[in-house]
Amino acid sequence: MAYKIFRFLGSLKMAVIVILAMAVLSAIGTFLESRYNTEFAQVLIYKSPWMYITMAFFLISVVFSAVERLPWKRRHIPFLVAHVGLIMLVFGSYITQQVGLDGTLTIPLDGKASLVSITPKDLSLYASMDGDNFRSLYEKEVEFISNPPSEQGISIPTDQGRIEVVDYFPFAVPERKIIETDKDWDRPGIRFLLKNPNVNFSDWLVLDRPIVRQDLGPVLLIFSQEQDEKYFPKKNTIYFYMEDQQVKVKVFKALNDRAVTKADLNLGKAVEMPWMGMKLSLLNFYPHARRIVEYQKRDYPSGITTSALKVKYRDEFHYLGLNSILKFFNDSTAYILSWGNRQIELGFPVQLKKFEMDKYMGTNRAASYASTVVVPELGEVKISMNEPLKYKGYTFYQASFQQDENGAPNASILSVNKDPGRIWKYLGSLLICVGSVMLFYMRKYYAQKKPKKEELSHE
Amino acid sequence: MNKLFFVLLSIFLLNFSSKANADEFSALGKLAVQDGGRIKPFDTFAKESMQLIHGKSNLNGRDAVEVVFTWMLLPDVWSKMEFLKIDYRKLKEDLDLEPTKKYFSMAEIMSHPKLPAIIQTMNNKAEAKERLNSYDQAIQILNNQLSLYQAISNNLHPGWIPSEDAENDKWKHLAQFSEEQAKDFGKVTRAFVAIIQAKQNNLKEIPSKALDLAVDSFFNKYQNVKESSQLGIEIHYNKLHPFQWAWILYLLATIFFFLSSLLSKEALYKTGLVLILAAFAMHIYGFSLRVLLTGRPPVSNMYETVVWVPFGTVLFALFFEWKKRSQFMLLGASLTGAFCMLLADFAPNVLDPSLQPLEPVLRSNLWLTVHVLTITISYGAFFLAFTLGDLALFYIIKGEKKYKDKIKDLSGAIYRAEKIGVVLLAAGTILGGVWADYSWGRFWGWDPKETWALIALLGYLALLHAKQGGHIKQVGMIAGSVVSFSLVIMAWYGVNYVLGAGLHSYGFGAGGLEYVASFVGIHIIFVIFVLFGRKKEG
């Protein structure tokens with residue numbers, strides 16, 4: 001029986017089954033990637049137990065088929081070369097996956113960066129009593145695609161209640177809102193309207209800092225906790241402030257510190273502005289307002305989706321987008337919950353000096369791009385597409401760039417890589433190519449029992 | 001230009017029965033224009049514009065150069081003519097257009113009250129980077145058609161004269177011309193109109209020489225710069241249309257090889273050989289010109305690979321035939337060649353034949369070039385095996401015993417093609433890893449294009465292992481060569497046109513899915529039919 005199994009594991013039948021299984025799995029992966037995204041395909045197929053089991057059977061098949069041919073003869077050489085190459089290739093890939101580094105480094109223009117972002121994601125909780133010093137309460141690698149929060153039951157205790165991750169949205173669109181609460185730590189928020197026959201502008205101001213400023217161009221808006229008697233307007237200013245739970249407003253003309261208008265601001269009552277018949281009125285006033293981001297779940301990814309977590313704390317639901325933080329307060333403590341890609345410290349800074357983009361003549365289409373970076377010891381180096389920088393065991397490739405609202409690049413994205421398995425993969429590849437040529441085209445040569453010379457000498 | 005010109009021109013334009021001889025205006029094609037990130041002859045620009053807007057490069061037999069040039073001169077007349085092609089039925093219904101009608105007038109569509117909303121919806125989707133379905137893509141095409149026509153007829157596109165400002169590489173369009181430049185361009189226009197007048201008056205002597213001179217002097221005065229040095233080659237490429245010659249010759253070769261396989265006459269075979277060699281020469285000449293014009297290997301979009309793959313097919317077949325003569329090798333090759341080249345020539349909306357500049361990742365890199373060339377040429381070998389497999393299935397239906405020798409000959413040829421295909425695909429896939437490693441430090445990233453190349457390789461490896469182990473016999477091998485080619489089609493076409501994701505996103509396109517799917521489906525049904533039909537017989 002054992003012999004039969006042994007025979008089967010090394011048989012061509014087994015080889016065909018394993019090859020087809022790999023093909024089918026990979027094909028499913030490409031469809032998942034097309035429908036969802038790369039991460040889905042990676043987690044559910046390419047780096048899933050299914051793939052690892054198949055690869056294990058693949059290795060077993062290759063090794064057993066070689067063992068079965070023992071003692072090896074001259075005619076086995078092509079077969080052995082090709083199949084040893086396969087083993088080396090798989091081995092090299094395994095090393096890369098275990099100890100290699102593959103991440104991205106985003107460097108702002110004229111800035112520095114040394115943290116490489118890699119695929120695994122961590123969920124961490126920090127707490128602070130004084131708002132300055134945070135200590136870590138919780139840190140865990142999380143993967144929600146194959147292991148949704150409902151199954152993991154992530155629940156982190158705090159001094160007042162637990163923080164629970166209740167849901168995971170792989171694709172979601174953020175929606176920003178202001179809500180009214182009854183919590184003392186939430187500061188006042190107002191929604192105003194500026195209106196004349198040509199202009200109709202309304203927006204929220206929330207006092208989540210002592211002074212909030214919003215520059216509208218011709219006029220500056222200020223919302224302050226308390227009145228600053230010495231305020232000097234460098235430009236036209238509408239100055240909102242709080243006094244005894246009442247919203248008040250002062251209006252300044254540029255370079256004149258005497259307020260033109262000074263009024264209590266109440267809902268529904270309009271205040272005349274000194275410009276172009278403009279009227280100011282208060283649309284909403286929340287004594288305790290909070291800016292929140294809610295995520296709307298989507299079935300499929302698009303250019304505006306990101307992934308998000310739904311978190312429950314003290315009977316309230318909060319949303320946490322990928323690579324962002326969420327703040328919680330209670331009477332004594334501030335908490336920060338963060339969820340994002342793990343960051344690896346390079347140990348040296350990479351500074352972005354210049355980012356260049358060539359375009360095809362007369363168009364906006366990028367023809368190529370390059371970053372000039374500064375690293376310790378080497379100084380200035382130019383990294384362009386297909387011309388990476390090798391430094392301290394890492395290789396830096398020009399991968400992409402970020403743009404500001406006007407489309408001008410404001411950060412360069414490098415892909416950072418360390419691959420100790422490379423040599424095995426290259427060697428294995430070489431053997432596979434040589435081996436398959438030998439298998440197909442030099443079979444006759446190797447099929448001779450012995451080299452001709454010896455045969456002759458026998459006669 | 002005076003009013004009379006316009007009146008005459010209008011009469012001429014509306015007079016559809018008088019078919020102009022394209023050559024009279026061909027001098028115009030020699031002018032240089034800047035469009036799509038490069039300098040091209042007006043000849044190419046006009047053909048591409050007509051292809052986009054009208055779906056053909058001529059309008060009722062009138063050459064693109066003449067038609068597009070008059071868009072600039074007489075936009076009002078053209079706007080009322082029905083030459084804007086809208087294919088997508090649902091779009092026509094949504095615009096309340098007659099669904100069976102093919103061509104519409106610009107005026108009718110541009111002023112359509114429902115159009116802005118339809119375009120806006122599509123733009124919103126595109127901006128949110130959502131995936132566009134075929135309906136959205138049809139709107140996108142219509143939008144491109146309208147904006148191109150508007151730009152041309154308003155003299156805002158293409159660029160005609162390099163900017164005086166050295167920093168600015170955008171060429172000046174007609175509306176930006178200085179007075180002197182406008183005057184010089186007017187000479188070209190007048191010469192053009194003079195020809196039309198002469199034709200209108202049925203003059204014996206057509207003043208085409210004057211147009212030639214006007215064009216030459218304009219070109220030498222303004223356009224004679226480094227970037228426009230290869231325009232002559234491009235016009236030659238457009239005029240000769242070498243790939244058309246290639247498919248005609250391949251088709252003829254196919255007929256001769258087919259007759260030779262039936263009648264076993266050496267003369268037929270020899271004629272076929274001459275024809276396939278001539279076709280091959282034209283084929284090579286054609287893409288040599290493309291390489292010369294683009295300065296890169298001819299495999300960076302779907303069209304170019306559809307031309308390159310049969311090159312591999314014919315190359316391998318000629319090599320095998322030279323080593324060992326077979327009855328069918330060259331028949332399979334010429335059939336494949338004719339099929340692919342016909343496809344390339346007759347599906348310009350799916351396979352874009354225009355010469356395009358490259359995306360950043362694809363620029364000048366040895367490993368890139370080598371891996372793409374290796375993988376695509378392996379598809380050539382598999383295509384050969386596929387065509388031969390089809391022929392073998394055909395003989396199996398006709399009688400397996402009766403045609404035993406022919407089937408054996410075919411299966412030997414299939415095996416030879418598959419071996420070289422597997423070696424090249426394995427090498428190419430690995431070289432792809434080397435390129436990826438060299439370019440962004442990742443040997444294997446499960447990118448759909450590379451993954452499907454691997455899947456195709458695995459498919460053929462399974463086939464060869466099964467043959468080695470005796471799990472499948474001759475007929476299984478033949479059926480396998482046809483079925484496995486579906487994997488190649490998926491890797492070659494499907495990833496770009498069906499999956500549409502991943503790093504190799506440069507070659508993405510749309511269209512033709514129903515034809516390709518039926519092609520694959522029919523072959524699989526054919527194989528099943530043959531396998532089952534055969535069992536009953538036995």
Side-chain angles (χ1 to χ4, degrees), chain A residues 11-13 15-17 19-20 22-24 26-27 29-31 33-34 37-38 41-42 45-46 89 92-93 96 102 300 302-304 358-363 365-369 385-386 388 395-399 415-419 421-422 425-426 429-430 432-433 436-437 439-441, chain B residues 34-39 125 127-131 159 169-171 227 357-361 363-365 368 419-420 422-423 426-427 430-431 433-434 437-448 451-452 454-455 458-459 461-462 465-466 468-471 487 490 495 498-502:
Chain A
S11 72
L12 280 157
K13 201 176 226 166
V16 173
I17 293 170
I19 290 173
L20 290 178
M22 288 198 317
V24 170
S26 310
T30 62
F31 283 103
E33 164 148 27
S34 161
N37 59 23
T38 311
Q42 295 270 357
I45 302 288
Y46 302 136
L89 184 64
S93 310
T96 304
D102 183 5
Y300 300 110
S302 76
I304 51 169
D358 290 339
K359 291 174 178 173
Y360 283 107
M361 56 185 307
T363 70
R365 286 161 61 187
S368 69
Y369 33 99
M385 294 237 140
N386 301 327
T395 317
F396 297 84
Y397 303 85
Q398 181 67 56
S415 132
V416 184
N417 192 277
K418 196 176 205 172
D419 188 0
R422 180 172 283 138
K425 288 188 272 191
Y426 277 55
S429 303
L430 191 67
I432 292 171
C433 292
S436 48
V437 170
L439 263 174
F440 288 142
Y441 298 103
Chain B
Q34 186 191 46
D35 169 62
R38 69 183 187 98
I39 303 304
K125 258 180 130 174
E127 264 163 42
K129 292 183 185 155
E130 281 177 50
R131 181 159 304 172
D169 61 5
K170 202 165 163 53
W171 282 29
E227 290 91 349
L358 279 182
E359 297 295 324
V361 282
R363 284 168 63 101
S364 62
N365 179 311
L368 163 77
K419 280 196 303 188
I420 199 156
V422 163
V423 170
I430 287 168
L431 286 169
V434 174
D437 192 22
Y438 177 75
S439 292
W440 49 76
R442 206 166 301 149
F443 189 84
W444 190 261
W446 294 105
D447 176 90
T451 308
W452 270 100
L454 175 70
I455 295 169
L458 290 171
L461 280 174
H465 278 81
Q468 187 74 21
H471 310 301
L487 302 175
M490 188 62 197
V495 172
V498 181
L499 292 180

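Throughout, a chain's letter reflects where its sequence line sits, starting with A, and its residues are numbered from 1.
A side-chain donor from one of B/W452 and A/T30 sits under 3.5 Å from a side-chain acceptor of the other.
Contact of the B/P448 side chain with the A/F31 side chain is not registered, since no non-hydrogen atoms from C-beta on lie closer than 4.5 Å. Here the side chains of B/Q34 and B/K170 are in contact, with some heavy-atom distance below 4.5 Å.
With a 4.5 angstrom heavy-atom cutoff, A/S415 touches chain B only via side-chain atoms. If you measure heavy-atom distances from B/I420 to chain A, the contacts under 4.5 Å come from both the backbone and the side chain. Looking at B/V422, the atoms closer than 4.5 Å to chain A (heavy atoms on both sides) all sit in the side chain, from C-beta outward. Heavy atoms closer than 4.5 Å to chain A are found nowhere in B/D35, neither backbone nor side chain. Contact annotation for A/A15: only side-chain heavy atoms (C-beta onward) come within less than 4.5 Å of a heavy atom of chain B. Both the backbone and the side chain of B/Q468 have a heavy atom closer than 4.5 Å to some heavy atom of chain A. Only the side chain of B/W171 comes within contact range of chain A, with heavy atoms under 4.5 Å apart. Contact of B/H471 with chain A is made through the side chain alone, with heavy-atom distances under 4.5 Å. Only the side chain of B/I430 comes within contact range of chain A, with at least one heavy atom under 4.5 Å from a heavy atom of that chain.
Taken from NZ in A/K425 to CG in A/L430, the straight-line distance is 15.5 Å, to the nearest 0.5 Å. Taking CZ of B/F443 as the reference point, atom OG of A/S429 lies at 3.5 Å (rounded to 0.5 Å). Distance check: A/L20 CG to B/I455 CD1 gives 11.5 Å after rounding to the nearest 0.5 Å. From B/D447, atom CG reaches atom CD of A/E33 across 6.5 Å, with rounding to the nearest 0.5 Å.
Between chain B and the residues A/Y441, A/F396, A/Y300, A/Y397, the most heavy-atom pairs under 4.5 angstrom are made by A/Y397. Among the candidates B/T451, B/V434, B/D437, B/L487, the residue making the largest number of heavy-atom pairs closer than 4.5 Å to chain A is B/D437. Among A/T395, A/T38, A/I304, A/D102, the residue making the largest number of heavy-atom pairs under 4.5 Å with chain B is A/D102.
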* To do: Start with the C-alpha gap between A/D419 and A/T96, add the side-chain angles, then the distance that decides, and say whether side-chain hydrogen bond (donor to acceptor under 3.5 Å, both in side chains) holds.
  => CA-CA 6 Å; A/D419 188 0; A/T96 304; 2.7 Å; yes
